[in-house]
**Student:** 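After the structure tokens below, expect a handful of questions from me.
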Amino acid sequence: MLTWVALGLAAGAVAVVARWALGRYDSLGRRRSFPVVALLLLAVPAVAAATPGVLRWREERALESAASRLVGFPVEVNCQSFGGAFVDAGAELGYVAYGLDGVPERRTLIKYEACANLRAYLGSDKASPTLDQVVAVHVLTHEAMHMAGLTVEAAAECAAIQRDAVMAGLLGADPAEAAALAQTYWRTVYPRMPEEYVTGDCRRGGRLDERLADAPWTVPAGG
């Protein structure tokens with residue numbers, strides 16, 4: 001909605017300038033003054049209305065770049081708008097739609113709250129993320145695993161756990177900060193996830209262990 005408002009105001013500003021340009025002189029040949037006040041009354045609110053959309057677009061491109069690099073092919077990441085969140089009754093923090101053939105699409109919607117926490121993480125020093133920010137980074141990783149083709153929640157969750165450190169690094173964290181984020185999710189959040197997301201095979205030496213160097217269980221507790 002704000003985007004359309006911004007476009008309407010911008011169109012009005014263009015019309016004001018065009019009208020002045022086509023009639024810079026009155027019938028007596030006197031030069032008309034530039035309509036500064038009218039232009040400002042349209043341009044200033046146009047910029048204000050456009051700013052949230054521009055910021056969301058920049059945020060989405062940063063998240064999209066990280067997710068694409070993680071899975072190895074281009075994917076699309078969209079952040080839910082405030083209006084979308086207002087009418088959304090779903091409890092999930094993100095989702096990937098599946099096609100009629102059961103194959104996950106290569107685009108995801110990250111919910112408004114999770115995107116807000118991702119935005120905060122992107123703008124932080126990455127040294128001490130809040131638990132909400134840790135979860136938000138994992139949500140992006142988890143949905144990337146769905147876009148990579150994993151349809152079973154427990155498998156996607158475990159694959160994401162083993163790649164959270166990589167994702168944090170792609171979002172700007174240094175290796176130590178990235179490892180700490182992954183371990184925080186693994187030790188603090190994962191054990192409390194719903195049953196469909198948790199499996200005993202997601203552990204060092206388990207069936208879903210991919211032997212990745214950045215998996216959180218490669219570092220002993222307290223290490």
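The structure displayed is predicted, hence computed values, not measured ones.
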**Student:** Can you run down the disulfide bond (SG atoms under 2.5 Å apart) pairs that involve residues 121-153, sequence neighbours left out, and say none if there aren't any?
**Tutor:**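 Qualifying pairs: none.
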**Student:** May I have all residue pairs that pass side chain to side chain donor-acceptor pair (under 3.5 Å) and include part of residues 122-131, sequence neighbours excluded?
**Tutor:**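 Found none.
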**Student:** Nearest 0.5 angstrom please: Y185 OH to T141 OG1, how far?
**Tutor:**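 It is 9.5 Å, given to the nearest 0.5 Å.
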**Student:** Can you list the residues that meet the ring-ring contact (aromatic ring centres under 6.0 Å, His included) rule with Y121, with sequence neighbours excluded?
**Tutor:**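 ring-ring contact (aromatic ring centres under 6.0 Å, His included) check on Y121 returns nothing, list empty.
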**Student:** Does anything in residues 107-183 pair up under disulfide bond (SG atoms under 2.5 Å apart), and if so which pairs, sequence neighbours excluded?
**Tutor:**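 Passing the test, one end in residues 107-183: C79-C115, C158-C202.
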**Student:** Could you tell me whether a side-chain N or O of Q183 sits under 3.5 Å from a main-chain N or O of A180, the two making a donor and an acceptor?
**Tutor:**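 Here the side-chain-to-backbone pair does not exist.
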**Student:** Please round to the nearest 0.5 Å and tell me the distance separating atom CG of L93 and atom CG of N117.
**Tutor:**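 L93 CG to N117 CG: 9.0 Å, rounded to 0.5 Å.
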**Student:** What I want to check is whether the side chains of N78 and E76 have a donor and an acceptor closer together than 3.5 Å.
**Tutor:**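 A donor-acceptor contact under 3.5 Å links the two side chains.
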**Student:** Is there a path of hydrophobic side-chain contacts, each under 4.5 Å between heavy atoms of I, L, V, M, F, W or Y residues, that connects V152 with L208?
**Tutor:**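 In one cluster with V152: L208, no.
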**Student:** Quick one, H142 with E153, criterion side chain to side chain donor-acceptor pair (under 3.5 Å). Give me CA distance, side-chain angles, the key distance, then yes/no.
**Tutor:** CA-CA 9 Å; H142 181 97; E153 289 294 357; 2.8 Å; yes
**Student:** Ignoring hydrogens and angles, tell me if any N or O in the side chain of Q80 forms a donor-acceptor pair with the backbone of A114 under 3.5 Å.
**Tutor:**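 The answer is no, because no donor-acceptor pair under 3.5 Å joins these two groups.
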**Student:** Where do W217 and D209 land on the side chain to side chain contact (heavy atoms under 4.5 Å, CB included) test, with the steps shown first?
**Tutor:** CA-CA 10 Å; W217 47 72; D209 182 1; 3.4 Å; yes
**Student:** May I ask you to test the P216-I161 pair for a side-chain heavy-atom distance under 4.5 Å?
**Tutor:**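 Yes, at least one pair of side-chain atoms sits under 4.5 Å.
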**Student:** What about L170 and L122, same hydrophobic cluster or not, with Ile/Leu/Val/Met/Phe/Trp/Tyr joined at side-chain heavy-atom distances under 4.5 Å?
**Tutor:**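 Yes; tracing contacts between hydrophobic side chains, which count when under 4.5 Å, links both residues.
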**Student:** Grab the two heavy atoms, one from T218 and one from A213, that are nearest each other, plus how far apart they are.
**Tutor:**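 Taking every non-hydrogen atom into account, OG1-O, 3.4 Å.
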**Student:** Who are the salt bridge (Lys or Arg N to Asp or Glu O under 4.0 Å) partners of E210, not counting sequence neighbours?
**Tutor:**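 Partners of E210 under the salt bridge (Lys or Arg N to Asp or Glu O under 4.0 Å) test: R163.
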**Student:** Hey, what do you get for CZ (R207) to OG1 (T199), rounding to the nearest 0.5 Å?
**Tutor:**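 Separation between the atoms: 6.0 Å.
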**Student:** E157 and side chain to side chain contact (heavy atoms under 4.5 Å, CB included): which single residue from E196, H138, M145 fits?
**Tutor:**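 Only one option passes, and that is H138.
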**Student:** Drop me the distance from L171's CG to L63's CG, to the nearest 0.5 angstrom.
**Tutor:**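 That separation rounds to 6.5 Å.
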**Student:** Does any non-hydrogen side-chain atom of T151 lie less than 4.5 Å from one of Y98?
**Tutor:**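 When only atoms from C-beta onward are counted, T151 and Y98 do touch, with a gap below 4.5 Å.
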**Student:** Considering all heavy atoms of both residues, which atom of A173 and which atom of A178 are nearest to each other, and what is their separation?
**Tutor:**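 Result for this residue pair: CB-N, 3.9 Å.
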**Student:** If hydrophobic clusters are built from ILVMFWY residues whose side chains come within less than 4.5 Å, do L212 and L140 share one?
**Tutor:**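 No, because L212 and L140 fall into different hydrophobic clusters, even though each may have its own neighbours under 4.5 Å.
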**Student:** When rounded to the nearest 0.5 angstrom, what distance separates CZ in R211 from CZ in R204?
**Tutor:**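 That separation rounds to 10.0 Å.
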**Student:** Does the side chain of E105 come under 3.5 Å of the side chain of H146 through a donor N or O and an acceptor N or O?
**Tutor:**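 No, no side-chain donor-acceptor contact under 3.5 Å.
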**Student:** Measure across V96 and P104 and return the closest heavy-atom pair with its distance rounded to 0.1 Å.
**Tutor:**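 The answer is CG1-CB, 4.0 Å.
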**Student:** Locate the shortest heavy-atom distance separating M147 from R106; write the atom from each residue and the value.
**Tutor:**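 Here M147 and R106 meet closest at SD-C, 3.6 Å.
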**Student:** If you compare all heavy atoms of V77 against all heavy atoms of R61, which two are closest, and at what distance to 0.1 Å?
**Tutor:**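 Nearest heavy atoms, V77 then R61: O-NH2, 3.8 Å.
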**Student:** Which heavy atom of Y190 sits nearest a heavy atom of Y197, and at what distance?
**Tutor:**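 That closest heavy-atom pairing would be CE1-O, 3.4 Å.
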**Student:** Cut-off 3.5 Å, no hydrogens considered: what does the side-chain donor-acceptor table look like for residues 65-73, sequence neighbours left out?
**Tutor:**
residue : atom : partner : partner atom : Å
S68     : OG   : E64     : O            : 2.8
S68     : OG   : V75     : N            : 3.0

**Student:** Given V135, which of T188, V189, T184, L118 fulfils the side chain to side chain contact (heavy atoms under 4.5 Å, CB included) condition?
**Tutor:**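 Among T188, V189, T184, L118, the one that satisfies the side chain to side chain contact (heavy atoms under 4.5 Å, CB included) with V135 is V189.
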**Student:** Can you tell me how far apart CD1 (I110) and CD (E113) are? Round to the nearest 0.5 Å.
**Tutor:**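 Interatomic distance, I110 CD1 to E113 CD, rounded to 0.5 Å: 12.5 Å.
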